[in-house]
Amino acid sequence: MASQYVPQDIEEKWQEEWEKLGIYQAHDLDEKPKYYSLVMFPYPSGDLHMGHMRVYTISDVISRQRRMLGYNVLNPMGWDAFGLPAENAAMSRKKHPEDWTTSNIKYMRDEQLKKLGTSYDWRREVTTCNKDYYHWTQWIILKFFENGLCIRKEAPVNWCPDCQTVLANEQVEDGNCWRHLETRVEQKMMSQWFLNITKYADPLLNDLDKLVGWPERVRVMQQNWIGKSEGAELVFTVDSKPNVQIPVFTTRPDTVFGVACMVLAPEHPLVKELTAPECKEAVEKYVDEASHKSELDRMSTEKSKTGVPIGTSVINPFNGDIVPIWVADYALVNYGTGAVMNVPAHDERDFEFAKKFNLPIKQVISEDGSKVESMTEAYTGPGTMVNSGQFDGLTNDEAKKKMIDWAAQNNCGKARTQFRLRDWLISRQRYWGCPIPLIHCEKCGVVPEKEANLPVVLPTEGVQITGEGGSPLKKMEDWIKTSCPKCGGAARRETDTMDTFICSSWYFLRYPDALNPKEAFANDKVNYWMPVDQYVGGVEHAILHLLYARFFTKALRDLGYVNCDEPFTNLLSQGMVTKFSPDSGRIEKMSKSRGNVVGTTDFFKKYGADSARLFTLFAAPPEQELEWNEDGAVGQYRFLGRVWRLVSDLIEVGALSENDKAPSMDSLKDRAKPVLKLVHKTIKAVTKDIQPPRYVFNTAIARLMELVNGLGDYLRDTKAVENAQNLSAEEKSLLGFACRHLLLLLAPMAPHISEELYQQLPSRKGKTGSIHTETWPTFDEALTVDDEIELVIQVNGKIVNKISARRGLDKQQAEEIALTDNKVKDKLNGSSVKKVIVVPDKLVNVVI
RNA sequence: GCCGAAGUGGUGAAAUGGCAAACACGCUACGUUCAGGGCGUAGUGCUCGCAAGGGCUUGUGGGUUCAAGUCCCACCUUCGGCACCA
């Protein structure tokens with residue numbers, strides 16, 4: 001008997017060998033067709049868990065197979081290394097964020113990713129907190145600043161009291177901080193840096209249609225997030241102050257004749273100015289209360305509307321109605337114009353508001369053309385215009401257009417598109433992030449740092465991280481003090497750092513030219529590799545990261561730095577790995593903060609990396625959520641053990657041919673013929689399964705198991721191992737062929753064991769080169785079909801018999817077989833046959 | 001409330017409208033001088049039956065079809081996204 005399968009004996013050996021051989025290096029500008037395979041890079045938290053392992057395995061299998069298919073594959077890896085956990089660690093462990101991050105990276109790279117047997121080109125490793133990298137993050141922000149895409153403005157912002165920093169909208173979940181799900185986000189007015197992503201709202205929305213290689217669900221999520229609404233801006237004039245005009249945004253300009261009141265958001269700048277003296281007290285009280293409510297409070301307090309009138313009125317420009325102005329917190333200051341026209345008859349929310357405060361409800365659209373005395377609920381459907389002056393009788397759709405035209409002609413409105421997407425708030429009052437390369441000069445205002453002075457280095461010496469009192473950079477006077485790049489006078493550096501999502505919005509552009517000290521990326525290299533052919537990542541990034549990355553790509557394209565306008569041609573959005581969390585008592589996404597992680601190290605020690613890879617691939621198809629349960633893992637270990645024994649037994653007894661000649665069907669014994677067919681069938685099935693758009697690795701593995709089981713049966717039946725000395729050349733050739741192909745097909749998924757056994761094959765004697773640079777197997781279509789088939793015989797759709805028959809029977813022959821079958825005759829029992837359906841080579845259905 | 005995805009054995013899961021449950025895990029029995037997650041063989045959807053054999057089965061209820069897990073309609077449940085967005 002041959003040696004036992006001990007993964008620990010072979011895995012590290014091959015990992016070192018592969019690195020020495022450099023087989024995973026990508027070649028810039030090579031003539032081979034390029035394939036850019038990318039996986040979302042991790043935050044270096046210090047430990048990779050099974051959720052990570054699943055993504056990296058999937059992406060690695062894709063990369064490895066593409067390499068075997070003859071592509072010049074770029075499969076890089078890096079670290080999303082700025083971020084708050086490093087600061088928290090600094091406080092709790094008294095370790096500098098940089099040291100903490102660096103040692104985490106080292107551990108995760110050398111002990112976890114490399115030991116998983118991944119095929120990265122490590123020469124291109126990118127670490128976002130390294131000067132060499134964030135130099136170019138800053139450079140991009142300068143370019144954005146020069147082109148008006150990076151702006152400073154006063155705006156209501158989300159403030160997380162735990163993080164002591166502002167958050168982007170995308171980082172607020174249900175009114176809570178995405179990082180501290182128990183912490184309510186507060187609203188504050190602050191002057192902050194924004195990226196003008198709304199400028200790209202339309203292309204970001206429209207180009208989703210181009211992304212046919214993306215999962216539908218992700219496109220829908222982005223579409224919802226961008227949230228385009230078309231309608232009109234209508235201008236109402238204040239009754240008592242004819243020079244004050246208030247625009248509202250509405251998607252229903254057709255209902256303007258039914259306006260009952262105007263509603264301003266509590267933060268609306270005109271509230272103070274327009275409040276009548278007798279209402280002042282009540283309005284101030286209301287506004288003050290609203291400001292203390294977080295967004296969550298505003299939503300979660302019972303759905304009933306609140307609000308107070310401010311004692312002034314506006315004139316409806318369409319019919320001259322004078323309607324009161326109210327202030328109510330259901331109007332949001334940062335959507336539309338912060339002011340809403342309230343039409344109770346045709347909006348459910350407005351209806352509720354009007355009912356509560358006794359406002360008049362006037363019908364202006366009728367479902368059937370008739371007028372109604374009083375309405376019991378809002379009618380939001382289509383219909384005919386009523387009570388609307390010259391527009392009466394039109395359908396409301398026609399009226400919409402005509403009324404917008406009328407408003408434009410009369411200077412009281414225009415068509416307007418409104419997006420739910422808001423500008424991206426990027427400044428953070430934190431230390432461990434990329435410094436914003438802008439300088440405040442008393443004379444010149446905000447001045448960009450000179451390109452030649454980049455990077456603006458984040459100071460590492462003398463930083464005090466306490467978690468209190470805002471950014472630690474604020475206290476670093478020596479660092480803050482600088483001179484103005486424009487006038488040379490005294491000036492101060494911006495102390496806010498960037499949202500880390502900026503760093504990850506362009507990292508895929510750096511890999512193509514990761515070591516370039518002179519520019520972010522050379523034009524020819526980035527355009528050779530981009531766009532990414534296959535991106536793999538968790539569905540949890542469906543909005544945030546993917547939207548930002550698309551925005552960066554489009555902006556950089558418009559500035560002339562890249563050619564492609566979408567960064568990721570194909571996206572595999574892998575399902576989350578979940579597990580019961582003792583903290584919450586629920587099944588949740590595996591993550592450190594939820595206390596339900598399963599690390600990789602123990603798993604590798606127990607079963608080896610190959611089994612770990614197979615297990616995560618086998619447990620479920622990649623897009624599906626996977627609840628972690630290790631019980632099935634042993635099955636993969638056993639399977640690899642069977643592969644090992646099968647191949648090494650055959651090698652030991654000399655049952656494998658010493659050349660690569662394929663056996664010929666004709667010269668094989670009858671018992672051996674199906675084995676050759678099985679190999680061809682397996683090549684066909686596995687190839688199909690692990691390629692797009694299927695990517696179903698679980699069934700690919702199942703097919704390999706069937707091959708191994710089939711080979712095992714054959715060896716048992718023929719006693720080939722016991723009687724190896726009697727094997728004919730053709731049989732040896734068959735067994736050699738089968739083993740070689742088994743290993744080639746297994747190679748992308750279980751790279752170590754397949755390499756180890758492959759190199760031991762007798763046919764490899766005197767040859768060099770890794771299995772991972774071999775050519776992916778091809779199959780003979782003719783050998784994937786059987787001559788004998790099993791014909792299923794049905795009567796009225798129910799199976800009565802299964803008869804083995806020759807492939808390729810015509811309909812009449814098949815029909816005859818069915819009708820002469822005894823079981824069919826029994827069922828017929830004298831009744832007449834109405835119809836016979838024949839599915840060639842599959843089934844005959846006799847209908848009686 | 002709106003949008004999307006999904007509901008199949010004890011478990012993870014397979015099935016271009018054509019044999020439901022491939023492949024595994026688990027379990028049962030047997031074999032192996034095998035100490036414990038070793039290896040091999042056979043069995044294993046549910047149900048009636050000693051058996052031969054029969055009946056039932058893809059969340060629920062309808063429909064289309066010779067034929068439905070798969071297509072259509074309604075509903076239920078779970079998960080995910082959006083949500084006072086005017």
Side-chain angles (χ1 to χ4, degrees), chain A residues 1 4 173-174 215-229 231 248-252 255 263 265 295 298-299 301 303-306 328-332 334-343 347-350 352-353 418-422 539-540 542-543 575-576 578 587 589 606-607 614-615 618-621 623-639 641-642 645 696 698-706 708-709 712 716 790-799 801-802 834-848:
Chain A
M1 270 298 189
Q4 273 231 300
E173 291 178 13
D174 290 334
E216 177 75 19
R217 59 172 169 167
V218 175
R219 296 198 310 228
V220 169
M221 278 190 226
Q222 295 220 347
Q223 199 178 317
N224 288 344
W225 186 262
I226 296 168
K228 183 174 183 171
S229 305
V248 299
F249 171 71
T250 178
T251 54
R252 296 297 304 273
T255 64
V263 176
E295 211 165 305
R298 279 205 198 177
M299 290 189 305
T301 45
K303 286 258 172 175
S304 98
K305 305 283 170 282
T306 59
D329 66 6
Y330 81 79
L332 306 173
N334 45 10
Y335 184 79
T337 62
V340 187
M341 65 182 210
N342 178 300
V343 185
D347 182 285
E348 279 162 31
R349 194 190 34 199
D350 292 349
E352 195 194 323
F353 190 81
Q418 175 68 36
F419 291 94
R420 209 194 71 99
L421 181 72
R422 303 193 191 151
V539 69
E540 63 273 25
I543 296 172
M576 290 188 289
T578 61
I587 294 166
K589 173 183 176 329
K606 224 163 161 183
Y607 300 110
L614 284 194
F615 178 58
F618 187 70
E623 305 220 271
Q624 198 166 309
E625 194 168 283
L626 170 59
E627 190 187 335
W628 185 255
N629 178 356
E630 215 169 292
D631 289 350
V634 64
Q636 304 306 314
Y637 182 67
R638 278 184 204 155
F639 167 62
R642 278 203 298 279
R645 278 194 305 280
V696 276
N698 52 333
T699 52
I701 294 168
R703 300 313 290 262
L704 290 173
M705 288 173 164
E706 283 176 292
V708 171
N709 293 345
R716 187 160 41 83
E790 199 175 54
L791 199 59
V792 176
I793 311 294
Q794 295 183 329
V795 172
N796 281 347
K798 292 209 164 190
I799 297 154
N801 207 355
K802 295 171 188 179
K834 276 194 200 142
K835 192 161 148 185
V836 180
I837 312 274
V838 179
V839 181
D841 294 332
K842 268 192 185 145
L843 163 147
V844 181
N845 188 9
V846 180
V847 185
I848 58 174

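Order of the sequence lines sets the chain letters (A, B, ...), proteins ahead of strands, with each chain counted from 1.
In this structure B:rA74 sits in a base pair with B:rU60, meeting the Watson-Crick or G-U test at under 3.5 Å. Partner assigned to B:rA35 is none, using Watson-Crick or G-U wobble distances below 3.5 angstrom. Look at B:rA86: it lacks any Watson-Crick or wobble partner with both distances under 3.5 angstrom. Shown here, B:rC66 forms a base pair with B:rG18; the pair counts as Watson-Crick or G-U wobble because both key distances fall under 3.5 Å. Nucleotide B:rC30 forms a pair with B:rG40, judged by Watson-Crick or G-U wobble geometry with both contacts under 3.5 Å. As the counterpart of B:rG10, B:rC25 is assigned, both hydrogen-bonding distances of the Watson-Crick or G-U wobble pattern falling under 3.5 Å. A 3.5 Å limit on both hydrogen-bonding distances identifies B:rC79 as the Watson-Crick or G-U partner of B:rG4.
Between A:Arg645 atom CZ and B:rC39 atom P the separation is 6 Å, expressed in whole Å. Straight-line distance from the NZ atom of A:Lys798 to the C1' atom of B:rG55: 9 Å, rounded to whole Å. Atom CZ of A:Phe419 and atom P of B:rC82 are 18 Å apart (whole Å). Atoms CD (A:Glu627) and C1' (B:rC79) sit 12 Å apart, rounded to a whole Å. Distance A:Ile226 CD1 to B:rC82 C1': 13 Å, rounded to the nearest Å. For A:Leu332 and B:rC82, the CG to C1' distance is 14 Å, given to the nearest whole Å. Computed from coordinates, the A:Asn796 CG to B:rU65 P distance equals 15 Å when rounded to whole Å. Rounded to a whole Å, the NZ atom of A:Lys589 is 12 Å from the P atom of B:rG81.
Separating the CZ atom in A:Arg642 from the CG atom in A:Asn709 is a distance of 5.5 Å, to the nearest 0.5 Å. The CD atom of A:Gln794 lies 10.5 Å from the NZ atom of A:Lys802; values are rounded to the nearest 0.5 Å. From A:Phe249, atom CZ reaches atom CE of A:Met341 across 10.5 Å, with rounding to the nearest 0.5 Å. Atoms CD1 and CZ, on A:Ile226 and A:Arg420 in that order, are 10.0 Å from each other to the nearest 0.5 Å. The CD1 atom of A:Ile701 sits 12.5 Å away from atom CD of A:Glu706, with the distance rounded to the nearest 0.5 Å. Atom CG in A:Asp347 sits 7.5 Å away from atom CG in A:Asn342 (nearest 0.5 Å).
Rounded to the nearest Å, the gap between the P atom of B:rU65 and that of B:rC75 is 24 Å. Across the P atoms, B:rA24 and B:rG40 are found 11 Å apart, a figure rounded to whole Å. With both ends at atom C1', the span from B:rG1 to B:rC56 equals 40 Å, rounded to whole Å. Across the P atoms, B:rU16 and B:rA86 are found 42 Å apart, a figure rounded to whole Å. Taking atom C1' on both nucleotides, B:rA68 is separated from B:rG62 by 14 Å, rounded to a whole Å. Annotation: B:rG7 and B:rG59 have their C1' atoms spaced 6 Å apart (nearest Å).
The environment of CD in A:Glu348 is sparse: at most 12 heavy-atom neighbours from other residues, nucleotides or ligands sit within 6.0 Å.
Comparing A:Gln624 and A:Val539, the nucleotide of RNA chain B nearest to each residue sits closer to the 5' end for A:Gln624. In terms of position on RNA chain B, the residue among A:Ala619 and A:Val220 whose nearest nucleotide sits closer to the 5' end is A:Val220.
Contact annotation: A:Arg420 side-chain N/O to B:rC82 OP1/OP2 distance is not under 4.0 Å. Side-chain N/O atoms of A:Arg217 include none lying less than 4.0 angstrom from OP1 or OP2 on B:rA6. For the OP1/OP2 pair of B:rC85 and a distance below 4.0 Å, the side-chain nitrogens and oxygens of A:Arg422 include no atom meeting the criterion. Taking side-chain N and O atoms only, A:Arg349 has a distance below 4.0 Å to OP1 or OP2 of B:rC85.
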For this session: Any chance you could list the contact pattern along nucleotides 16-29 of chain B? Use B for base contacts, S for sugar-phosphate-only contacts and - for none, protein heavy atoms under 4.0 Å, 5' to 3'.
Result: B-BBS-BBSSS---
Problem set entry | Trace of the side-chain contact (heavy atoms from CB on, under 4.5 Å) decision for A:Val844 with A:Ile793 | CA-CA 5 Å; A:Val844 181; A:Ile793 311 294; 4.3 Å; yes
Problem set entry | Derivation and outcome, side-chain contact (heavy atoms from CB on, under 4.5 Å), residues A:Tyr330 and A:Glu352 | CA-CA 12 Å; A:Tyr330 81 79; A:Glu352 195 194 323; over 6 Å; no
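Heavy atoms of A:Val847 sit under 4.0 angstrom from primed sugar atoms or phosphate atoms, though from no base atom.
Against the 90° criterion about 0, the sugar-base torsion of B:rG9 places it in the syn range.
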